[in-house]
Amino acid sequence: MTDMNETLNQWLRDAHAMEEQAEQMLDSQASRLESYPELASRIRQHLEETHSQRERLESCIERRGASSSSMKDMAARLSALMQGMSSMMSSDEVMKGLLTSYAFEHFEVASYRILTAAAEAVGDSETARMCEAICKEEEAMASWLAGQIPEVTRTYLSRESADMDEAKR
Ligand code: MG
Ligand code: FE
């Protein structure tokens, strides 16, 4: 029989690895974007939020008496690096980044909804509240990105058709 609390601990560790992946991804996007300043600035703001999410998860895991897993964290960083490299190699880097970010934020929303339900199921209301709060930050980022899609796409296409170097990133 698997202890429900142990399962929740494992899922919190998975979320920690996910946030490490997010930090790598956002950091590389923010530092590479040159010609899409609004996007870069919101990404930088979410990078700060993401640092804090990782820290909140660390204290939560610690408070629950579990330890974090460094193997998964390393795998997550590696996967972010590969993702970043594959979009850097494309001529529409900004669009590939937007696509990845929008999908990633929804992956995070789903993760925190599951974590909230799991924390409620084991009666850990403090963890449930933390996951709900983080979920709201991910939802806000996802909906901001959704709002940017039309304009960034139009800007990208018109720069590309004018052969501007600024199109790419
Ligand atoms: Mg996050
Ligand atoms: Fe996020």
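Indexing begins at 1, ligand by ligand and atom by atom, following the structure's order.
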Legend entry - Residue-atom pairs from the protein, N, O or S only, that lie under 2.8 Å from the Mg ion (ligand 1): Glu19 OE1, Glu19 OE2, Gln53 OE1, Glu108 OE2, Glu138 OE2

Legend entry - Enclosure of Asp165 CG (heavy-atom neighbours >12, cutoff 6.0 Å): no

Legend entry - Cluster overlap Leu157 with Met95, hydrophobic side-chain contacts below 4.5 Å: yes

Inset, instruction - Look at the side-chain heavy atoms of Ile, Leu, Val, Met, Phe, Trp and Tyr, link any pair under 4.5 Å apart, and say whether Met130 and Val109 land in one connected group. - result: no

Legend entry - Salt-bridge present (Arg77, Asp73; N to O < 4.0 Å): no

Legend entry - Test: Arg113 and Glu139 ion pair at under 4.0 Å: yes

Inset, instruction - Measure across Tyr156 and Ser91 and return the closest heavy-atom pair with its distance rounded to 0.1 Å. - result: OH-O, 3.8 Å

Legend entry - Under 2.8 Å from the Fe ion (ligand 2) - protein N/O/S, by chain and number: His46 NE2, Glu105 OE1, Glu108 OE1, Glu138 OE1

Legend entry - Side-chain H-bond candidate by donor/acceptor type, Glu120 with Ser125, under 3.5 Å: no

Inset, instruction - Dump the intermediate steps for salt bridge (Lys or Arg N to Asp or Glu O under 4.0 Å) on Lys168 and Glu160, then the final yes or no. - result: CA-CA 8 Å; Lys168 181 178 169 157; Glu160 186 200 34; over 6 Å; no

Legend entry - Euclidean distance, Met25 CE relative to Glu19 CD, rounded to 0.5 Å: 10.0 Å

